[in-house]
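Taking it in order: structure first as structure tokens, then the write-up.
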Amino acid sequence: MLIRNNTNVKNSLLMASKFPTMIIGLLAVMPMCLCAETIDLQLRWHHQFQFAGYYAAVQQGYYKNAGLDVVIHEGTPEKIPINEVLQGHAQYGVANSELLLARLKGEPLVLLAAIYQHSPSALLARKDAGIFSPSDLVGKKVMMLGEYIDADFVAMFHNERIDMAKIHIIPSSFDIQSLATGEVDVFNSYISNEPYFLKKQGIEFTVINPRNYGVDFYSDMLFTSENELKQHPKRVKDFLNASLQGWQYAMAHPQEIIALLQSQYHVTKSKEHLEFEAEAMRSLILPDLVEIGHINPWRIKYMAGTFVQAGMVKNDNLLKGFIYSSDANIKHYLEIMGVLAFVSSLITAILYAAYQSIKRENRQRKRVAEELRQRTDELALRNHVLQQINQGVTLPELLDELARQVERLHPRMLCSILLLDDNNQLRHGAVPSLPDFYNQAIDGLAIGEGVGSCGTAAYRGERCIVEDVQQHPFWVDFVDLAKQAGVQSCWSQPIKNSHGKVLGTFAIYHAQPTKPLESEIELIESYANLAQLSIEHTRADAALLESEQRLHFVLKGSGLGFWDWKIDSHKVEIHTIDTETICYHCTEIQDIPPQWLNFIYPDDREQVWQSIQDVLNDKRATHKIEYRVLDHQGVIHWILDHANIVQRDQDGKPLRMSGTHTDITERKLAEHQLRDSEQRLTLCQYYGGIGTWEAASFIPKIDKLLLMPLKHTLFTA
């Protein structure tokens with residue numbers, strides 16, 4: 001493919017064709033056997049542009065040139081590629097992340113190439129359903145293929161701490177109309193396929209993509225079995241190379257493949273639909289940025305770690321040997337090297353120029369490939385840090401992991417993360433590789449103009465690059481310290497929060513005077529942003545925890561409890577006066593008092609529920625009522641309940657009701673005692689014949705009831 005696309009090489013080969021020695025050399029490398037081996041490739045689904053590279057490899061003769069007769073089989077719900085390969089019905093298959101999951105569970109499978117650098121798997125919901133994030137799926141009907149196949153989604157639910165038992169999962173119908181007609185709330189899909197149908201029907205939809213929640217997996221991975229690799233190592237290599245050639249051709253000639261699909265593979269999709277699919281795939285395969293089929297071992301390990309953390313497998317001990325290596329059969333490659341050495345001996349001097357041109361091309365390609373791999377590694381690092389943030393890892397652990405991973409990706413760099421305290425002093429954040437004496441000397445450094453690279457960067461709020469610390473005025477006070485630590489350059493980037501306030505610094509040290517490249521400046525900015533996310537997120541979590549504790553103490557100190565009713569989800573939380581939390585999840589509530597009212601004294605429940613209903617029906621603005629409750633020991637307490645509607649939808653329908661409750665038992669007892677005293681006084685006055693008078697009129701008054709016995713006495717005396 002490279003030779004066919006290079007004009008210089010074409011010309012060189014044209015010249016070389018005039019020489020008999022070249023003909024002999026070409027004959028020497030021709031296949032010794034003209035009989036093609038028949039092998040089977042099992043796809044994940046029906047013929048469509050999703051598998052364009054394999055059709056191109058057949059059509060362009062890449063498989064045939066490799067001595068292979070490849071039969072491509074469509075997938076169905078019953079024909080799972082992993083099962084087909086393991087059972088020997090096919091030698092090769094195409095699978096998603098379930099391939100890695102099967103390997104970790106002990107299946108002898110080998111990954112050959114990752115065609116999609118990003119997974120197209122996503123969940124679709126109608127926009128009018130109001131489903132925008134994974135947390136909105138609780139209680140909803142969701143079509144999925146199952147936990148084993150939809151590993152991306154399972155990992156996303158784990159990252160978001162969502163109990164899958166609370167999601168109503170339905171086996172997929174493989175028909176997007178199930179979502180369009182409202183049969184289900186959410187549908188599992190490929191973003192390169194199903195959205196087309198919804199757009200054609202004018203249905204607005206929302207997308208829940210696992211990539212936005214720290215799950216960025218490879219997809220459409222080409223694989224084989226360990227037995228195939230062991231028995232036919234050359235065939236594996238030839239099949240892989242021909243397949244990748246096919247993918248390069250397909251992504252460069254999409255219209256040609258679309259015509260091929262409609263004419264020879266009888267694909268019923270329209271040309272417009274296939275063009276939509278091809279364009280969507282380009283952003284997932286990234287053929288212009290990443291070498292097609294590229295596999296990053298660290299990213300595979302990250303995927304395996306995600307499965308372990310999600311509890312889908314116990315460990316990643318079986319990961320070794322999962323990724324195919326062309327060095328798997330040394331003897332085979334020694335033979336190839338011998339053939340190449342023999343062929344190279346036949347190359348004439350006239351091909352030397354072409355050889356040099358190819359060599360330069362290869363060096364350039366390697367540089368580009370290395371840069372692209374590095375970008376992929378940086379993306380994987382970012383996803384890894386975001387995942388740890390979502391998992392609630394502590395700030396020291398987050399920063400230490402970030403610093404160590406940066407040093408792993410860039411072995412010549414030493415990383416330092418310092419945090420700015422309230423006294424404008426830089427404190428230790430994460431410095432995994434610098435000497436302890438250096439870290440101790442820097443810890444507590446007051447920031448200011450000219451105070452080293454980090455002190456200046458934090459003071460100015462802008463990047464400070466010092467290429468040679470021995471010669472720079474900012475490092476006059478630290479020259480000896482830097483020399484002992486073995487560092488001679490320091491680039492420092494301030495870490496700022498979303499409001500522009502400096503939180504600390506992210507610094508890169510080198511053992512030699514070093515000037516940063518533009519790409520390295522972009523990297524240090526990116527790493528500082530990751531540090532900012534880590535710091536702000538963990539501090540926000542700490543602030544939230546402190547706020548919750550403060551509320552806990554306030555409620556306990558004030559003798560108040562509160563309750564919160566999410567009407568649309570039927571979820572109720574009751575925080576009692578002693579701060580115990582009780583949660584209820586009720587079925588749809590209409591006119592029947594719900595379960596969470598059971599703690600109210602039976603004679604009072606109806607009037608309490610009626611008061612709440614009056615507020616919900618806008619008959620009154622506030623729910624305010626006194627009623628009795630029974631504690632765990634059966635003792636009656638009096639409660640003053642006060643609540644309002646705190647949230648409504650755009651149509652004014654109540655969505656949330658919250659309120660407080662206060663124990664007024666002592667007040668009720670006092671009122672009862674006062675009434676008893678008044679009654680006893682009245683009885684004393686009645687039987688004692690005692691009158692009362694009011695100071696305002698100074699006119700003696702005798703209660704009629706009290707006069708009755710007095711008159712009786714007078715008349716009978």
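Remember, predicted model here, so these are calculated numbers, not experimental data. No hydrogens, no waters, no symmetry mates; every other heavy atom, side chains included, goes into these values.
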- Task: Please determine if R235 and E228 form a salt bridge, counting it only when a charged side-chain N lies under 4.0 Å from a carboxylate O.
- Result: yes

Any side-chain to backbone donor/acceptor pair from T224 onto Q91? Under 3.5 Å, distance only. yes

**Prompt:** Is E272 salt-bridged to K200, going by a charged N under 4.0 Å from an acidic O?
**Reply:** yes

Distance-only polar pair, side chains of K269 and Q48, donor-acceptor under 3.5 Å: yes

| query | Crowded around K140 NZ? As in, over 12 foreign heavy atoms under 6.0 Å? | reply | yes

*Assess whether side-chain hydrogen bond (donor to acceptor under 3.5 Å, both in side chains) is satisfied between Y218 and H118, documenting all intermediate values.*
CA-CA 5 Å; Y218 288 131; H118 302 296; over 6 Å; no

Are the side chains of M156 and L123 in touch, meaning some heavy atoms are under 4.5 Å apart? yes

query = Any donor-acceptor pair under 3.5 Å linking the side chain of S263 with the backbone of A259?
reply = yes

Would a distance-only check, ignoring hydrogens and angles, find a side-chain to backbone donor-acceptor pair under 3.5 Å from E194 to Y190?
-> yes

Q: Taking the side chain as every heavy atom from C-beta outward, state whether V646 and M657 have any pair of such atoms under 4.5 Å apart.
A: no

Contact check, side chains of L43 and I72, non-hydrogen atoms, under 4.5 Å
yes

Using a strict cut-off of less than 4.0 Å between a Lys/Arg side-chain nitrogen and an Asp/Glu carboxylate oxygen, indicate whether E98 and R44 qualify as a salt bridge. yes

4.5 Å side-chain heavy-atom contact, F276 and S270: no

- request: Using a strict cut-off of less than 4.0 Å between a Lys/Arg side-chain nitrogen and an Asp/Glu carboxylate oxygen, indicate whether D216 and R299 qualify as a salt bridge.
  value: yes

Flag the pair W45 / F51 as yes when their ring centroid distance falls below 6.0 Å, and as no otherwise.
-> no

Sub-4.5 Å side-chain heavy-atom contact between V70 and D40:
no

Point to revise | N-O pairing of R211 and D152 below 4.0 Å | key: no

- Are any side-chain N or O atoms of E520 and backbone N or O atoms of L517, one a donor and one an acceptor, separated by less than 3.5 Å? yes

Candidate pair V110 and F223, rule side-chain contact (heavy atoms from CB on, under 4.5 Å), full reasoning: CA-CA 6 Å; V110 179; F223 72 97; over 6 Å; no

* Indicate yes or no: does E401 engage R408 in a salt bridge with an N to O separation below 4.0 Å. => no

Counting distance only, does the side-chain N/O of R282 pair as donor-acceptor with the main-chain N or O of M251 below 3.5 Å? yes

One thing to verify: whether K64 and D69 come together as a salt bridge, which I'm taking to mean a side-chain N less than 4.0 angstrom from a carboxylate O.
no

Would you say the side-chain atoms of N497 pair up with the backbone N or O of G500, donor to acceptor, closer than 3.5 Å?
-> yes

Checklist entry - Taking D136 for the side chain and S133 for the main chain, is one N or O donor matched with an acceptor at less than 3.5 Å? => result yes

* Asked: Would you call E74-K79 a salt bridge at under 4.0 Å N-O?
  -> no

Give a yes or no answer on whether the side chain of K141 reaches the backbone of E183 with a donor-acceptor pair at less than 3.5 Å.
yes

Fill in: E204 atom CD: more than 12 heavy-atom contacts under 6.0 Å
no

Check: Does a salt bridge link D618 with K653, judged by any charged N lying under 4.0 Å from a carboxylate O?
Finding: no

**OP:** Fit a plane to each ring of H253 and Y249, take the angle between them on a 0 to 90° scale, and name the class: parallel (under 30°), tilted (30 to 60°) or perpendicular (over 60°).
**Re:** parallel

Smallest heavy-atom separation, V184 atom then L179 atom, equals O-CD1, 3.7 Å

**Request:** I would like to know whether E291 and Q117 meet side-chain hydrogen bond (donor to acceptor under 3.5 Å, both in side chains); could you show each step before the answer?
**Result:** CA-CA 10 Å; E291 184 179 5; Q117 295 298 306; over 6 Å; no

Is there a donor-acceptor contact under 3.5 Å linking the side chains of H273 and N193?
yes

Legend entry - Parallel, tilted or perpendicular: rings of Y92 and F239 (30°, 60°): parallel

* Asked: Taking the side chain as C-beta and beyond, is there a heavy-atom pair between V313 and L101 under 4.5 Å?
  -> yes

Under a 4.5 Å cut-off applied to non-hydrogen side-chain atoms, are I191 and L284 in contact? yes

Taking every heavy atom of S173 against every heavy atom of S178, the minimum-distance pair comes out as OG-OG, 2.6 Å

*Within the side chain of E107, is there an N or O that forms a donor-acceptor pair under 3.5 Å with the backbone of L104?*
no

*Verdict with reasoning, Y62 to S243, per side-chain hydrogen bond (donor to acceptor under 3.5 Å, both in side chains)*: CA-CA 8 Å; Y62 300 143; S243 298; over 6 Å; no

May I ask you to check whether over 12 heavy atoms, not counting those of E518, lie within 6.0 Å of atom CD?
no

Working note: K566 + Q647, criterion side-chain hydrogen bond (donor to acceptor under 3.5 Å, both in side chains); need CA distance, chi angles, decisive distance, verdict.
CA-CA 9 Å; K566 296 178 182 177; Q647 185 179 3; over 6 Å; no

Check: Quick one: are Q493 and Y527 in side-chain contact, heavy atoms under 4.5 Å?
Finding: no

- [ ] Give a yes or no answer on whether the side chain of R656 reaches the backbone of D564 with a donor-acceptor pair at less than 3.5 Å.
- [x] no

